Every structure is written in C-alpha cells, then in structure tokens.
Amino acid sequence: MAFILALDQGTTSSRAVVFNHAGQPVGSAQQEFGQIFPQPGWVEHDPDDIWKSQLTVGRLAIKNAGVSASDVVAIGIANQRESVVAWDRATGRPVCNAIVWQDRRTAGFCDELKAAGKQAVVQQKTGLVIDAYFSASKIRWILDNIPGARAKAGRGELAVGTVDSWLVWNLTGGHAHLTDVSNAARTMLFDIHRLDWDDTLLELMQIPRTILPKICPSS
C-alpha cells in the first residue's frame, strides 16, 4: 500500500500523521519545542528546533504506522504561516532565530508605512492590511539588524522564507527553496492577482527578490 505523511509544524509543537490510501490515519506523533521571548513583544523559535522536532515526529509516525519510509509516496506540509526563517545557502545554517508570527517588534515601522499612505497599494495588491503580523516587515528587520545579513543577501548567499520553505529546504538536502501560494499570500509581498512576488512591495520593504523562494502550486 501507498501512504501519505502529513507534517503539521505549529507554533508550539510539531506533529506528523501517516494516512493510508483510504484517507485513514494509521500512525501519528507530536513533540513540543521551546518558545523564546528575548524581550516584551518579541517571540522567536530556534529554526533547528523546528526542523529537528518535525523530523523526529515524522520518523516516529512512520514507525508507529508500522510501515517503512519507502512506503511513503508523498509528504504534505501544514505550518505556522507568517513566521520567518533566514539561513545561509551554502551551509544551510540559520543566521538568527525564526521571528514568529506573534512578534510585534516591527509594529512601529508598519505604523510609519500607514502614516506615509502606503495602505491602499498594499491592500490592493495583497488583500492584507499593513501589520507586523505578516512576514514582510520581519524579513526587513532581519536584513537591517542581523550582522552581515543584508550583505549576504546582496551576494546571493542568503535564503529567507516561511516555515514551509525551511522544512522543504531540509527535506531536500538543500536542493529546493520553494513555497506555495497560500504561504506566499501571507507575506505582504505577494500580488494575489498575478500570483507572484511584487516588485513595488519588494522595493517598499527593501527586500531583494533573490532571497525569496520560488512559488509553486501546493501539489
């Protein structure tokens, strides 16, 4: 029989479920991981904790299902959406902790954008309001505040993405830097009409397109 492995990478834990061809769950596992609060309003995760916990529960779910990895024909990913990970393309090592969707460190910058009258263009292109909740201002913060990050980005050495892209990068041994439309649409950088990264928004946020993942259909 063929099986599907579903990975659910959440804000406080990673989960995995193995489904058979009839859509019935036949094995599962879950593992919590640490939350990091450097100061009030800041929320971070260790990207290694995200990956290692997800890998652990994936292997355990397969074991609990009584099947082998070769029986798994596809892997699906659900994930905490707007959280951002940045890593070195050559080494695969994160350049900082992941900034979690709950984090409010960029609220002041978002207020500046709204005061500058940028709300209309952002909402027309993305369907979103300007808010620190979304990924764009978090990515900009990393580029501006993590030593060497913007220089790495300029040299094509930095990869950035939401948690799905971090998992795909690790699952493929660093061969694929991908995201899907549903995750891209939560970044505040994605034109929902053209289904692509938007150059106007990238310029507004001072984020180079080269650091972002390729956008693919979920399937």
Side-chain angles (χ1 to χ4, degrees), residues 36 38-39 41-45 47 79-166 168-169 176-216:
I36 303 169
Q39 61 188 63
W42 292 32
V43 188
E44 299 179 357
H45 292 154
N79 57 283
Q80 48 169 314
R81 290 278 163 166
E82 298 80 7
S83 303
V84 170
V85 184
W87 64 95
D88 186 293
R89 289 184 182 274
T91 65
R93 298 300 305 148
V95 299
C96 60
N97 282 334
I99 302 180
V100 180
W101 58 271
Q102 300 157 310
D103 190 284
R104 301 300 298 173
R105 75 186 66 183
T106 61
F109 170 67
C110 290
D111 288 340
E112 292 173 10
L113 290 178
K114 287 183 279 189
K118 302 301 182 181
Q119 178 63 65
V121 65
V122 170
Q123 193 157 15
Q124 188 276 325
K125 289 176 177 290
T126 69
L128 306 174
V129 298
I130 295 176
D131 197 276
Y133 178 79
F134 304 111
S135 308
S137 63
K138 304 179 195 299
I139 297 172
R140 178 180 169 133
W141 189 93
I142 290 172
L143 293 175
D144 288 344
N145 291 275
I146 299 303
R150 191 168 286 279
K152 279 180 176 290
R155 295 192 299 266
E157 299 172 359
L158 191 70
V160 176
T162 44
V163 169
D164 60 312
S165 63
W166 172 239
V168 169
W169 177 274
H177 187 205
L178 305 174
T179 191
D180 83 318
V181 169
S182 68
N183 278 280
R186 303 299 288 175
T187 62
M188 216 170 75
L189 297 170
F190 178 76
D191 188 321
I192 60 175
H193 310 286
R194 296 187 304 106
L195 302 182
D196 194 9
W197 303 122
D198 183 82
D199 288 332
T200 299
L201 299 177
L202 291 172
E203 183 177 353
L204 178 66
M205 295 290 175
Q206 297 183 340
I207 295 172
R209 179 187 284 258
T210 53
I211 69 174
L212 297 174
K214 179 182 177 181
I215 303 168
C216 299

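Position 1 is the first residue of the sequence, and the numbers go up from there. This one's a predicted model, so the numbers in the text were calculated from it and none came from an experiment.
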Does a sphere of radius 6.0 Å around [atom1] in [X] hold more than 12 heavy atoms from other residues, nucleotides or ligands, not counting ones at 6.0 Å or beyond?
| X | atom1 | result |
| --- | --- | --- |
| K214 | NZ | no |
| E203 | CD | no |
| K125 | NZ | yes |

Looking at every non-hydrogen atom in both residues, tell me the closest pair between [X] and [Y] and how far apart they are.
| X | Y | result |
| --- | --- | --- |
| A185 | L128 | O-CD1, 3.5 Å |
| W42 | D103 | CA-OD2, 3.0 Å |
| S165 | L178 | CB-O, 3.0 Å |
| L158 | A86 | CD1-CB, 4.4 Å |
| W169 | G92 | NE1-CA, 4.0 Å |
| I142 | A149 | O-CB, 3.5 Å |

Rounded to the nearest 0.5 Å, what separates atom [atom1] in [X] from atom [atom2] in [Y]?
| X | Y | atom1 | atom2 | answer |
| --- | --- | --- | --- | --- |
| E44 | I36 | CD | CD1 | 6.0 Å |
| T187 | K138 | OG1 | NZ | 12.0 Å |
| Q39 | R105 | CD | CZ | 7.5 Å |
| D198 | T126 | CG | OG1 | 9.0 Å |
| L189 | I207 | CG | CD1 | 4.5 Å |
| N79 | T162 | CG | OG1 | 6.0 Å |

May I ask you to test the L113-M205 pair for a side-chain heavy-atom distance under 4.5 Å?
yes
Decide side-chain contact (heavy atoms from CB on, under 4.5 Å) for Y133 and R104; before the verdict, give the C-alpha distance in whole Å, the side-chain angles of both, and the deciding distance to 0.1 Å.
CA-CA 7 Å; Y133 178 79; R104 301 300 298 173; 4.3 Å; yes
Where do F190 and L201 land on the side-chain contact (heavy atoms from CB on, under 4.5 Å) test, with the steps shown first?
CA-CA 8 Å; F190 178 76; L201 299 177; over 6 Å; no
Working note: L212 + I139, criterion side-chain contact (heavy atoms from CB on, under 4.5 Å); need CA distance, chi angles, decisive distance, verdict.
CA-CA 10 Å; L212 297 174; I139 297 172; 4.2 Å; yes
Please check this pair: side chain of [X] against backbone of [Y], looking for a donor-acceptor N/O pair closer than 3.5 Å.
| X | Y | answer |
| --- | --- | --- |
| W197 | P213 | yes |
| S135 | E82 | yes |
| E157 | A90 | no |
| D191 | D196 | no |
| W166 | P47 | yes |
| H177 | V168 | no |
| H193 | Q124 | yes |

Report the C-alpha separation of I130 and C110 in whole Å, then their side-chain angles, then the decisive distance to 0.1 Å, and conclude whether the side-chain contact (heavy atoms from CB on, under 4.5 Å) test is met.
CA-CA 6 Å; I130 295 176; C110 290; 3.8 Å; yes
Residue set satisfying side-chain contact (heavy atoms from CB on, under 4.5 Å) with S182, at least two apart, ordered chain then number -> R81, D180
